[in-house]
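This structure is a prediction, so every number in the text was calculated from the model and none was measured.
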Amino acid sequence: QVQLVESGGGLVQAGGSLRLSCAASGRTFSRFVMAWFRQAPGKEREFVAAISRTGGNIGYADSVKGRFTISRDNAQNTVYLQMNSLKPEDTAVYSCAAASAETYYSGIYYNPGLYDYWGQGTQVTVSS
């Protein structure tokens, strides 16, 4: 079992920045591919970014490329999402997720169905 707790959300003006954190506890953090997803009101859950077990592979949604940066600190059992140049359309509940991966797997997953554990989410609101 893995528990994920997000923090760092809030209200920010367009063009501003926020840094989300997701602290994991329970099992060995480095075993998991980690990702951020978001869901806006009335919309489906959307992939934002993912990072491999060692951090060697990273992927982003086209809508956030060049503005968001995902990173992880395996010693601190934490994954981060640095969000810059925020836009009103980035407004959503952001959730982190963890996917179990074999030790030989160095990739990431884009499909939310492959993630085993989810945090409760943190609200990000970007005003225009």
So does Met34 get a backbone contact from the side chain of Arg53, meaning a donor-acceptor N/O pair under 3.5 Å?
no
Hydrophobic clusters here meaning ILVMFWY residues chained together by side-chain heavy-atom distances under 4.5 Å, can you tell me if Val48 and Leu20 are in one?
yes
Please give me the minimum heavy-atom distance between Val2 and Ala24, naming the atom from each residue.
CG1-CB, 4.4 Å
Do the side chains of Asp62 and Lys65 get close enough for a salt bridge, i.e. N-O under 4.0 angstrom?
yes
Please confirm whether the backbone N or O of Ser106 pairs with a side-chain atom of Asn57, one donor and one acceptor, at under 3.5 Å?
yes
Minimum heavy-atom separation for Arg67 to Ser85, with atom names?
NH1-O, 3.0 Å
Provide the closest heavy-atom pair for Thr91 versus Ala40 in the form atom of the first, atom of the second, distance.
O-CB, 3.6 Å
Measure from the side-chain N and O atoms of Thr78 to the backbone N and O of Gln76, and report whether any donor-acceptor pair falls under 3.5 Å.
yes
Once rounded to the nearest 0.5 Å, what's the spacing between atom OG of Ser17 and atom CD of Gln82?
6.0 Å
What's the spacing between Ile58 CD1 and Ser71 OG if we round to 0.5 Å?
7.5 Å
With side chains defined as the heavy atoms from C-beta onward, is the minimum distance between Tyr60 and Ile70 less than 4.5 Å?
yes
Any chance you could measure Asp90, atom CG, to Asn84, atom CG, to the nearest 0.5 Å?
11.0 Å
Using the rule that two of Ile, Leu, Val, Met, Phe, Trp, Tyr join whenever any of their side-chain heavy atoms come within less than 4.5 Å, decide whether Val124 and Leu81 are in one cluster.
yes
In sequence, state the C-alpha distance, the side-chain angles, and the governing distance for Val93 and Thr122, and then conclude on side chain to side chain contact (heavy atoms under 4.5 Å, CB included).
CA-CA 5 Å; Val93 174; Thr122 185; over 6 Å; no
Row check, Phe32 ring normal vs Arg72 NZ/CZ: under 6.0 Å, within 45°
no
First locate atom OG of Ser25, then atom CD of Gln1, and finally report the distance between them rounded to the nearest 0.5 Å.
9.5 Å
Spacing of CD belonging to Glu44 relative to CZ belonging to Arg38, to within rounding of 0.5 Å:
14.0 Å
Can you check whether Val126 reaches Gln13 side chain to side chain, under 4.5 Å on heavy atoms?
no
More than 12 heavy atoms from other groups under 6.0 Å of CZ on Arg31
no
Identify every side-chain donor-acceptor pair in residues 107-120 under 3.5 Å, counting partners at least two apart or on other chains, and give the distances.
unit_1: Asn111; atom_1: OD1; unit_2: Gly113; atom_2: N; d: 2.8
unit_1: Tyr115; atom_1: OH; unit_2: Tyr109; atom_2: O; d: 2.7
unit_1: Asp116; atom_1: OD2; unit_2: Ser100; atom_2: N; d: 2.8
unit_1: Asp116; atom_1: OD2; unit_2: Ser100; atom_2: OG; d: 3.2
unit_1: Gln120; atom_1: NE2; unit_2: Glu6; atom_2: OE1; d: 3.4

Would you confirm whether Thr125, through its side chain, and Leu11, through its main-chain N or O, come within 3.5 Å as a donor-acceptor pair?
no
Return the set of residues passing salt bridge (Lys or Arg N to Asp or Glu O under 4.0 Å) with Arg19 (not counting sequence neighbours), or none when no residue passes.
none
Please tell me if the side chains of Trp36 and Cys22 come closer than 4.5 Å, counting only heavy atoms from C-beta onward.
yes
Among Asn74, Asp73, Ile51, exactly one meets side chain to side chain contact (heavy atoms under 4.5 Å, CB included) together with Val79. Which residue is that?
Ile51
Grouping I, L, V, M, F, W and Y whenever their side-chain heavy atoms are under 4.5 Å apart, do Tyr94 and Val33 come out in a common cluster?
no
